[in-house]
Each structure stands twice: as C-alpha cells, then as structure tokens.
Amino acid sequence: MNEVKATFVIFGASGDLAKRKLYPALFRLYKKGVLGEHFAVIGTARRPWSDEYYQEIARESVKDLTSDFEVVKAFAKHFFYQSHDVQDTEHYVALKKLADAKDSEFGCEGNQMFYLSMSPQFFGVIVGNLKSQNVVNPAGWSRVIVEKPFGYDYATALELNENITSVFEENEIYRIDHYLGKEMIQNINAVRFANGIFEALWNSRHIDNIQITFAESLGVEERGGYYETSGALKDMVQNHLLQVVALLTMDPPATLADEDIRNEKIKALEALKIYTPSEVATNIVRGQYGEGGIDGRRYNSYRAEDNVNPHSDVETFVAGRLSVETARFDGVPIYFRTGKSMTEKGTRINVVFKNSELGLYDSCVVGKYTAPLQPNVLTIYIQPTEGVSITINGKNLEDNLATDIFPLGYRRPEIEIEQAPEAYEKLIQDALYGDSSNFSHWKEVAASWKVVDAIKSAWTDQSVDFPNYQAGTMGPKAAFDLLEQDGNEWVWKPDVWYRERNLIKK
Ligand code: BG6
C-alpha cells in the first residue's frame, strides 16, 4: 500500500460517528500502511478536552481491533485536540498554528484532509473560516470530506454547495455516502459490466422491473429527535437509495475512471421523473410503525419512542415506483421500499427479467402446485449476507412439459465478510488517494433533492392515517398494492417465513 502523508482536521471529533467509525477506520489504514508515521489527526469540538484525553478516546475506540496494545499506543500519539467554537475566527488562527506545527513535526508535506462530521448548519461557516483565516495550506493537496445530510432540501443543499465551492474545487470535495463503501454496492458495476450475459440484457427490452429493499429491523432507538426532523425519505432515499438506483440504471461508463462513472450516474439521476402531487399520490407510499411483536421481541410504536411527538406524522417507511426516463430504462418500474422496525435487516436488489417471448412453457411446477412460468430473477445481496444469485427455469423431474425453478447462487463466506475492509475505511482510503468514484458529485446530490423535494411537498398537502403498519412487518398494505396494480409482487418476502410460524404477533 502506498503511504499517504496528511494532516486530518476533524470537526465533530467528540461525536459518536468519530468514535464508532472514523478512528477505527484510520486505525485500520494505519495497520495496513496507508497511513504510516507521517500523519497527524487534529480533533476539534466544543468540549474542553486535553490532548491526553483525546488520545485516550482514540485508544478506546480502536482497542478491540488488535491484541497489540503497543500499536494502539503508537497510533494514538498522532492525535491532538483543540477546543473549538466554529463561529469564532480566533479559534481558526489557533487551528492554523497547530496544523502547521503538526505538519512539520510529522512531515505531512502540506497535505490536509478536512472532515466535516457535525450538524450541517455549521459546514458553511467552517469552510468560510478555513479560507479567511488561511487554514488551508497551499503547500500540498487539500480535500474536504462532508458527512450527510448534504442540506435539508435542494435550496439549502445549493447554498451549502456554494459555500463549499467558494473554498474547495469540486474535485477536492468528497460527499460521503457510506452505502457507496459497501462491498456489494461496489459490486454492482462488476456484476453489470463484467458479465456479457447481464450487460446485453440490461435494458427495457429484457428487464421487467427492478426491486430495491432497504429493510431495517430496529426502530429509531435513541435517535428519535433527529428522525423527527428527517423521516425515512430524507434519511435513506435522498442519498443511499437513489445512489443505488443510479448505479443500477446508468448507461455503461466509457471507462472505470471516477469521472466517467459519475457522469453516467448524474445522467441517470437527472432522468428520474419528478412527480406532480397527484403522481406522488399514486406512486409513493409512506408509513409509520405502530406497536407490534416478532419472534418474541416487542416493539413500541414510533409515536411512543423517546423524543418523538406523540402525534407525529413523520414517516418511518417509504415505498415507491420510480421511473428513469432514458432510452435504456423508459417504462421499467423501479420499485423501492425502506423502513424501520421491519421484519428483518436486509438490503437486497432483485432484477426481474421478462419471460421468453416464445411462450413455449407457460406454467411451472413449484412443489405440488402449478404456477405461471416464473421470471428469471437476479438478486444482489448487499447485507447482512453478501452474494449474487439467479433463478433459472429447468425441466420438472416428472413432467416433461413443466418447469421447476433452479436457483443458482454465490454467497460470500462469513469469514471473508468479517475480514473485508469496512465502508468508512475504504472511503477514507479512496479520498486519501484522490479517487472520488464512490462519492457523490454535486449534480447527483442536486438531482436527488429535486426528486425528494417534489415528494415531500406533495405530502404536506395530503393527510395520513398513521400508524399504518405493524412493527415487525414489511410495511403498510399500500406498499404491496403498489406492485399488485402492475401485476407484480415483491420477490423478497422475509415476513412469510415468520407468518407461517405464527411469529408475527400484535
Ligand atoms: C444511516 C441512517 O445513514 O444509515 C440510519 O441515518 C440508518 O437511520 C443507517 O439506520 C443504515 O445504515 P446500515 O449501514 O446499517 O445499513
């Protein structure tokens, strides 16, 4: 691994994300040599911590990742802390002094990675002060990683983008979306473009519909306060889910270079149909969980969660039918669903192909039953299992004219999944190497917000009757009706297993 020399300046250094994700990711990069002795981490936050205390925090966050405590100690010696009020320009003067001193001490050659991991309302003021107080060091490269959410709607995202681009160039801005660091999401390109059999069929002539499920089994837990301001649409759809839609529907890039991939994703996202309010009513479903129980576990209703308004109309579930108006995908429904307190945690994609036009086999035998010929379905398992499978139809053992489903599949072994690099580690490594393939370009963010804003604004005028799905289920009935109207159904039915065993209880 090529070593990268850099000073990190982390805004939000005392936060949960920093402790749970960033410090462990930096530690793994240190262990594998992407970071060597030439790096320093300057953590900033309001709390009055000392360097010693911050180093203790760094050690605590990574101690379970190795049995060698000497490595942990050596790693934490690169950490320094500055108590910082993001509004106070004097603090940036002190920050510059500290950053310059650590740059010389560790030989970071002027390279700087700024990491914005706090409430986005401060991002603009931070980058403004970084510039006005000359914290950005012209001697090396300077990049900024920006955590989500990137704005609260299109207007605030635009304003934020203007603030950031007045200091950093687009190619220095890394808008992070941790789903783009997931191994199987990064695999979508390989599955699509490294396999002639899929590449040739990846269009409206052969694909009947695409189904994307991002199901979470947990409720909002202790994040009720945040979730009340966000809801599932902004929390999951604007970013993670639409990024996956872009990867699945974009045209093939000219090369695998970051710019080529992102250009195609931008085109796909800009081709997403922006719904009118009446189209929102027929194409998008929202839900909120009521109390329920599954497999012996009890769930509160959303309205009874901590820091949630007992009359809240915030959605904890969204499903929809999207339309990508490109020559390749026009007319192919892209169904999605995502929500909290669903049957089980599972992220997967089902690509449903059209049946053969020959019509020679019009029914298949499934066990003892005769059913219509089943479509070929390509499934990409994102998490918790990772893999790819495809169902094909073969001849039934006893009946020459009937077919059975032959499932073919690859599941990555557990041990490989455990040992694979984690999303944040991969993404921070990419940013250190200057590779922005797996980060969102401003135009992607802008296009996503436009789709989401149209849905959100239609909802403000439409009344809801929440709660409308029982915790532990796969969402409200309307999310099933949506597909049924088109003569389709969700391919993935994790709830069926539990219902058959009477494990989903009121
Ligand atoms: C985050 C959302 O971006 O993604 C959370 O804010 C959600 O609400 C999480 O739980 C899901 O991520 P993962 O990696 O657990 O699927």
Side-chain angles (χ1 to χ4, degrees), residues 12 15-22 24-25 115-120 145-152 157 174-188 212-245 247 286-289 299-300 302 305-308 312 314-319 336-349 380-386 412 417-418 420-428 438-440 444-445 448-449 452 471 474-475 492 494:
D16 189 48
L17 182 94
K19 289 184 237 169
R20 273 189 313 110
K21 298 288 181 186
L22 305 189
Y115 203 114
L116 306 186
S117 167
M118 53 196 304
S119 175
I145 300 181
V146 189
E147 270 295 337
K148 71 159 244 206
F150 198 89
Y152 303 104
Y174 291 76
R175 298 176 194 80
I176 204 162
D177 181 321
H178 78 284
Y179 267 59
L180 296 183
K182 291 188 189 283
E183 181 59 26
M184 289 310 297
I185 286 186
Q186 297 189 348
N187 242 295
I188 294 174
I212 306 168
T213 302
F214 284 14
E216 295 190 69
S217 56
L218 295 178
V220 290
E221 310 261 281
E222 68 288 346
R223 291 169 77 226
Y226 151 77
Y227 207 79
E228 280 282 279
T229 63
S230 156
L233 184 68
K234 292 187 182 181
D235 189 44
M236 295 297 282
V237 179
Q238 182 272 327
N239 36 58
H240 313 318
L241 206 129
L242 290 182
Q243 282 292 320
V244 169
V245 170
L247 287 166
R286 56 182 155 157
Q288 186 193 76
Y289 59 87
Y299 282 92
N300 278 338
Y302 175 68
E305 302 277 19
D306 288 346
N307 301 319
V308 168
S312 176
V314 167
E315 79 289 354
T316 60
F317 175 97
V318 201
F336 74 87
R337 55 183 170 172
T338 180
K340 301 275 184 198
S341 291
M342 292 173 68
T343 310
E344 66 181 55
K345 167 99 182 166
T347 306
R348 62 177 72 176
I349 297 159
I380 305 179
Y381 303 86
I382 310 286
Q383 61 181 8
T385 49
E386 297 185 6
R412 195 185 295 286
I417 298 177
E418 272 164 32
E422 193 269 338
Y424 269 90
E425 172 188 349
K426 286 201 279 189
L427 292 173
I428 295 174
N438 293 309
F439 292 84
S440 318
E444 298 174 58
V445 176
S448 310
W449 273 124
V452 162
M474 288 305 280
W492 188 38

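As the structure lists them, so they are numbered: ligands from 1, and atoms in each ligand from 1.
Closer than 4.0 angstrom to ligand 1 sit non-hydrogen atoms from Lys148, His178, Tyr179, Lys182, Glu216, Arg223, Asp235, Met236, His240, Lys340, Lys345, Gln383.
Salt bridge Glu315/Arg286: absent, no basic N to carboxylate O contact under 4.0 Å. The pair Lys426-Glu183 meets the salt-bridge criterion, since a charged nitrogen lies less than 4.0 angstrom from a carboxylate oxygen.
The backbone N or O of Lys234 sits nowhere less than 3.5 Å from a side-chain atom of Tyr152 that would complete a donor-acceptor pair.
Applying the ring-ring contact (aromatic ring centres under 6.0 Å, His included) rule to His240 yields the partners His178, Tyr179; only residues at least two apart in sequence or on another chain are considered. Under the ring-ring contact (aromatic ring centres under 6.0 Å, His included) criterion, Phe150 pairs with no residue, sequence neighbours left out. Partners of Phe336 under the ring-ring contact (aromatic ring centres under 6.0 Å, His included) rule, at least two apart in sequence or in another chain, do not exist in this structure.
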